[in-house]
Visitor: 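The structure that follows is given in the form of structure tokens.
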Number of protein chains: 2
Amino acid sequence: MSSAKRSDSASDLTARARIRDAAIECFGQHGFGVTVRAVAEQAGVSPGLVIHHFGSKDKLRQACDDHVIALVNEIKTESITSHDSRTFLHQLAAVEEYTPYIAYVFRAVQAGGPIAVSLYERMIADVEGYLAAGEAEGTVRPSRDPAKRARWMAANSFGAVLVLITMQQPGQQIDFVRIIREWSEEYILPALEVYTEGLLTERTMLDAYLLYVSDPPAESG
Amino acid sequence: MSSAKRSDSASDLTARARIRDAAIECFGQHGFGVTVRAVAEQAGVSPGLVIHHFGSKDKLRQACDDHVIALVNEIKTESITSHDSRTFLHQLAAVEEYTPYIAYVFRAVQAGGPIAVSLYERMIADVEGYLAAGEAEGTVRPSRDPAKRARWMAANSFGAVLVLITMQQPGQQIDFVRIIREWSEEYILPALEVYTEGLLTERTMLDAYLLYVSDPPAESG
DNA sequence: TAACCTATTGAACATGAGTTCAGCCAAGCG
DNA sequence: CGCTTGGCTGAACTCATGTTCAATAGGTTA
């Protein structure tokens, strides 16, 4: 299934594939509100053909979702065999060619729904693995609840970039990779500060909480 | 100007005010894609009247923005005179009556644009003040760059909740206050862990960075 | 009561966008 | 050369939605 009927190289794809790629590009750049006509123009075909191949705009969206998920899965299995511990987002960001997919993943998560949850859960799993690896080699502190910490870290990290992206002026071309990189560079200092030295000077809040959970004040009736 | 022509109490507002409140409710609950007809129904008036009073849907949106911003400003000035150091979001969340406004603020930021930036910058300022107060009383560690740390913390905290909200099944009623509260309760442990003990075991990354900024390896030509 | 003004309605209009469909065209085949 | 087939077009259709407008109701004033 890996090689299509025709040659599978860049500009000489099946029209169906070209439309799908154009849709991923458009959806990623402008969100899922883009018109079928815009996608058709980007692909260099008529609006009718888009529907002819995919049945409806929703089904086109579905096909894009499937394609991106498949790509992410592929990257994931590759990274397992090659012992690459980066999250799939970082791996997407590392390859120039994958740029549209990053945009698409952000839009998908931003739009919510089942695909968002699926992708987001995968990110959390990535982060959990990443933290566990750090823990194993001694660079990351062990947590009393590693799963929850991973969820917390993932929500914070991904959410921060999502907010940053949302604040961009709409209508402009959004360079997701640049934003991710700038975020990382711009805020290394506070991130490293908090992650190595903490934010609070005293243990009182943590200790109080730990005492609280080990001996709850009142079990609700 | 504070008291309108008629009685200003809850259910007996000017039609214009009732429409505006209905719009804030609808926009907050379902996003800015809701139809004028839906807003009209919520307000118990005809679609025509909505346009009659506000000119267009965009102007209605504008009026809602203005009203919410005004409320936030009011809360802010009140909190200054009463020395209340909570962020405006926390203050909104504390009062039952303000529930729709929380939803609206989230939707506004989620939708992006100038109002989003304005509200978000205000949140950052709130966080910065909050951290500075903690620093002054000795509970929060001083930062080498307090402003950046505040931006980083705000992006993380707000982004995390934004992600959580986005993951809710669309179409359902979204209880923003409940989500915020559950997030706080559910993830107290990892948050306190990281904030008091840090995430990393060694200072090497931070120290390397501090050395790097004080003595950059190569100034780009 | 009559005039009048304002708020309000409900039907109609305009537009944008997803979708349909009858037909065209180029390629393969007898 | 003529036939068939399947990808493809572009004009037309449908529907949702923002918006307009003539007509109405209800209260206020002379």
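Lettering follows sequence order; numbering is per chain, from 1.
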Visitor: Measure from the side chain of Thr35(A), starting at C-beta and using heavy atoms only, and say which of dG18(C), dC8(D), dT19(D) lies closest.
Guide: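 Output: dG18(C).
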
Visitor: Measure from the side chain of Ser56(B), starting at C-beta and using heavy atoms only, and say which of dA17(C), dT17(D), dT19(D) lies closest.
Guide: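 Between dA17(C), dT17(D), dT19(D), the one nearest the side chain of Ser56(B) would be dT19(D).
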
Visitor: Nearest-Å distance, CD1 (Ile51(A)) to C1' (dT14(D))?
Guide: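 Ile51(A) atom CD1 is separated from dT14(D) atom C1' by 14 Å.
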
Visitor: Whole angstrom is fine here: how far is it from CZ in Phe54(B) over to P in dA7(C)?
Guide: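 Phe54(B) atom CZ is separated from dA7(C) atom P by 13 Å.
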
Visitor: Specify the separation, in whole Å, of atom NE2 of His53(A) and atom C1' of dG7(D).
Guide: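 Taking atom C1' of dG7(D) as the reference, NE2 of His53(A) is at 7 Å.
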
Visitor: A cation-pi test, strictly: NZ or CZ of Arg86(A) under 6.0 Å from the centre of the six-membered ring of Tyr130(A) and no more than 45 degrees from its axis. Yes or no?
Guide: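 No, a cation-pi geometry is absent between Arg86(A) and Tyr130(A).
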
Visitor: What is the distance, to the nearest angstrom, from the CD atom on Glu41(B) to the P atom on dT9(C)?
Guide: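 After rounding, the gap between these two atoms is 13 Å.
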
Visitor: In whole angstroms, how far is the P atom of dG18(C) from the CZ atom of Phe32(A)?
Guide: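 Distance check: Phe32(A) CZ to dG18(C) P gives 14 Å.
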
Visitor: Any ion pair linking Lys76(B) and Asp126(B) (charged N to carboxylate O, less than 4.0 Å)?
Guide: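 Looking at Asp126(B) and Lys76(B), the cut-off is met.
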
Visitor: Do Arg37(A) and Glu41(A) meet the salt-bridge criterion of a basic N to acidic O distance under 4.0 Å?
Guide: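 Between Arg37(A) and Glu41(A) there is no salt bridge, as every charged N stays at least 4.0 Å from the carboxylate O atoms.
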
Visitor: Go through dG18(D), dG18(C), dT9(C) for me and flag the one nearest to the Val45(B) side chain.
Guide: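 Looking only at side-chain atoms, Val45(B) lies closest to dT9(C).
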
Visitor: Whole angstrom is fine here: how far is it from CZ in Arg37(A) over to C1' in dA12(D)?
Guide: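 Taking CZ of Arg37(A) and C1' of dA12(D), I get 11 Å after rounding.
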
Visitor: Identify whether any heavy atom of His52(B) sits under 4.0 Å from a base atom; if not, whether one sits that close to sugar-phosphate; answer base, sugar-phosphate or nothing.
Guide: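 Since a base atom lies under 4.0 Å of His52(B), the category is base.
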
Visitor: Within the 4.0 Å heavy-atom criterion, would you say Ser46(B) contacts the bases, only the backbone, or no part of the nucleic acid?
Guide: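 Answer is base: heavy atoms of Ser46(B) come under 4.0 Å of a base.
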
Visitor: Can you measure Lys59(B) atom NZ to dT20(D) atom C1' for me and round it to whole angstrom units?
Guide: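 Nearest whole value for this atom pair: 14 Å.
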
Visitor: Does Phe32(B) have Arg61(B) sitting over its ring (NZ/CZ under 6.0 Å from centre, angle to axis within 45°)?
Guide: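 Flagged: Arg61(B) positioned over aromatic ring of Phe32(B).
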
Visitor: Tell me the interatomic distance from Arg61(A), atom CZ, to dA17(C), atom P, rounded to whole angstroms.
Guide: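 Taking atom P of dA17(C) as the reference, CZ of Arg61(A) is at 18 Å.
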
